[in-house]
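We use all heavy atoms of the structure for the numbers below, so side chains are in, but hydrogens, waters and symmetry mates are not. Throughout, residue positions are numbered sequentially from 1 according to the sequence presented.
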Amino acid sequence: MSSNLKKIVYSGWPGGMNVLVDYQKCLSIQLRQAINMIILPDGVIATRPGMVLLGTGVAGTIYSLCQKKPSFPLVGHYSDKTLRMPITAYVLKTYSADAPGQFEFFNDILLHTNGIDTMQQWDGTALTTSDVVGSPLSRMVLRHNDRIFAANGSVLYETTVDSAVDYAGGAAWNIGQGEGGDITGLGSLGGDLYVFKRQRIYRMTGYTKSERVITLFTDRFGCVAPNSIKPVNLKSQGDVLLFVETQKRICALNTTSVWDIGEFVQPRLDKIVATGSYYNLNMPLVSAEVSDIYKQYILRFPSSLTGVPNVVLCVAMDSPFSCDYGTRWGITEWRTGGFNTTMNCFAETSDYGLLMASVNNAGTLSYPYQMLPGSYTDDALGENRPITATFRTRDEDCENDQSIKQWRRMMFRVSISLAAGYDTSFNFTQYNDYETAVQANVQTITQTSAYANFAGIFEKWIDLLNSSSFVSTKLSVSAVATAIRYHGLEIYYKKGPTENRI
């Protein structure tokens, strides 16, 4: 290799879909994008599991699925106004109105509310649900400590101690009356209850009614997506509430502050919910679940048009990395493509793993699916299988002198999870800008070790053909490899003549 070549070195890939804030200059961690994959601890990225059919199809949308206890029946809430068991299609309740709500489980009682009809309770064996007499007409219901909380307007209601249904013996609190409007969400963290409004968050402390103290926690953040509020454990940070803020930011809340953890995907979030986009602007329909299996906070934005794929963003709770803004966590994207028109909800359960609800290609029936490691059978077009990573060079690494860069070679280092004796292909594409492909290449790696999981580090060299101010390279891993780890990337170039960027 010629000694006058200069080199750009990128260290091991921390993971995450980090959209460029500035296409002229950017941080190294903003160079990587990945789709259809999950981030595992230590930066390992693995194929997104496929979806396996779990129940029967029903016309309309599945708003939510719930199985809070092993062996307790799986229950779904459908847009045909029914509560039913998807496995058997048995209807437990038919509401008077079509409105999304929430499930909760306490003392072996499953609760559901939609904010219009009377809250329902079910013991898992009766042929129908029954009314929770005296309950508020609340769109949200949450177990906090040893009580159930619900809200209507700016009033917060709670049951008696250790009861899922006794509101008459409980208490009611007017939260921030005249400030910030109605209550829009509830979250429990560290023994305290956090009450969300559009532009405010309140904190309720104290165990007994006489000990309760309600304070304004912040007036800089709020939430109108109640189904996005979830408690998680972020590695290096501890227990927090993650939620989608009113201004479409992914935020974290701990006992002292609230902060934005999704700056690098904000352009993506803005595009999802922008006026005229394909995606539903009704923020209450944005939902999230926490997967203990995959250690991810999985955030869903529903599409508003048939045939337009749903967007799912996944925060990798166990893969933090440092940047100029502090500790951040990788965020990746799942795509559904031709498999279904929308993913409607998620539910983490002991019996079924991660549950999702999908509409079939014809857009006529909704089905429950389960996602388990290694399951690919029903995922149409194999869209769960590719692991695609995109790398884009930084101008300041190329001395930022407006010169044309004559790109010469690229070397990437990877380790793979692959059975001994099998091959996997890295399909390489080079772009002269972010859209136009100018070169394609296939690099094959054979796992020779008797140990399949990341036993050795492989180096692969690719000659680059294009000269421009930037270079983008995309590596798509074949379906054979179940997981990979990027250990480094080096791009070699030679300075060319000065270009005019005006």
Derivation of the side chain to side chain contact (heavy atoms under 4.5 Å, CB included) call for Y157 and S138: CA-CA 9 Å; Y157 298 87; S138 173; over 6 Å; no
For [X] and [Y], which heavy atoms make the closest approach, and how far apart are they?
| X | Y | result |
| --- | --- | --- |
| F217 | T255 | CE1-O, 3.7 Å |
| V58 | Y78 | CB-CE2, 3.7 Å |
| R328 | D260 | NH2-O, 3.3 Å |
| F243 | L253 | CE2-CB, 4.1 Å |
| A97 | N114 | O-ND2, 3.8 Å |
| V477 | I484 | CG2-CD1, 3.5 Å |

Measure from the side-chain N and O atoms of [X] to the backbone N and O of [Y], and report whether any donor-acceptor pair falls under 3.5 Å.
| X | Y | result |
| --- | --- | --- |
| S319 | A316 | no |
| S287 | R300 | no |
| Y202 | K197 | no |
| T246 | Q199 | no |
| E245 | G222 | yes |
| T56 | P86 | yes |
| N145 | R147 | no |
| Q266 | K248 | yes |

Set of salt bridge (Lys or Arg N to Asp or Glu O under 4.0 Å) partners for R212, sequence neighbours left out: E158
Return the [atom1] to [atom2] distance between [X] and [Y], rounded to the nearest 0.5 Å.
| X | Y | atom1 | atom2 | result |
| --- | --- | --- | --- | --- |
| I416 | R485 | CD1 | CZ | 12.0 Å |
| R200 | E179 | CZ | CD | 5.0 Å |
| I250 | E263 | CD1 | CD | 10.0 Å |
| I214 | I175 | CD1 | CD1 | 3.5 Å |
| L92 | T82 | CG | OG1 | 9.0 Å |

Atom pairs and distances, donor-acceptor, side-chain atoms in residues 98-110, under 3.5 Å, two or more places apart:
| from | atom 1 | to | atom 2 | distance (Å) |
| --- | --- | --- | --- | --- |
| D98 | OD1 | Y63 | OH | 2.7 |
| D98 | OD2 | Y63 | OH | 3.3 |
| Q102 | OE1 | V141 | N | 3.0 |
| Q102 | NE2 | N227 | OD1 | 2.8 |
| E104 | OE2 | R143 | N | 3.0 |
| N107 | ND2 | D162 | O | 2.8 |
| N107 | ND2 | D162 | OD1 | 3.4 |
| D108 | OD1 | K69 | NZ | 2.7 |

Heavy atoms from other residues, nucleotides or ligands near CZ of R203 exceed 12 (cutoff 6.0 Å):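 It does: R203 CZ has more than 12 such atoms within range.
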Residues, nucleotides or ligands: over 12 heavy atoms within 6.0 Å of K93 NZ: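 Atom NZ in K93 is crowded, with more than 12 foreign heavy atoms closer than 6.0 Å.
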Working for side chain to side chain contact (heavy atoms under 4.5 Å, CB included), residues L111 and V165: CA-CA 9 Å; L111 300 169; V165 296; 4.2 Å; yes
S188: partners by side-chain hydrogen bond (donor to acceptor under 3.5 Å, both in side chains), with sequence neighbours left out: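 Partners of S188 under the side-chain hydrogen bond (donor to acceptor under 3.5 Å, both in side chains) test: H144.
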Set of side-chain hydrogen bond (donor to acceptor under 3.5 Å, both in side chains) partners for Q177, sequence neighbours left out: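 Listed in chain order: nothing, the list is empty.
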Pairwise side-chain contact, [X] with [Y], heavy-atom cut-off 4.5 Å (strictly under):
| X | Y | answer |
| --- | --- | --- |
| F196 | I229 | yes |
| V161 | Y207 | yes |
| L269 | L313 | yes |
| S228 | L299 | yes |
| Q237 | W259 | yes |
| V290 | D292 | yes |
| L142 | L193 | yes |
| P226 | T184 | no |

From CA spacing to verdict: side chain to side chain contact (heavy atoms under 4.5 Å, CB included), L234, Y297: CA-CA 10 Å; L234 289 178; Y297 168 82; over 6 Å; no
Ring centers of W122, F72 separated by less than 6.0 Å: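 Close enough - the centres of the two rings lie under 6.0 Å apart.
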Qualifying salt bridge (charged side-chain N to carboxylate O under 4.0 Å, His left out) pairs, either residue in residues 70-88, two or more places apart: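 For residues 70-88: D80-R84.
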Inter- and intrachain pairs under salt bridge (charged side-chain N to carboxylate O under 4.0 Å, His left out), touching residues 111-135, at least two apart: none
Full working for side chain to side chain contact (heavy atoms under 4.5 Å, CB included) between T118 and S135: CA-CA 7 Å; T118 303; S135 61; 4.0 Å; yes
Distance-only donor-acceptor check, side chains S154 and N174, under 3.5 Å: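 On atom types as modelled, these side chains qualify, holding a pair under 3.5 Å.
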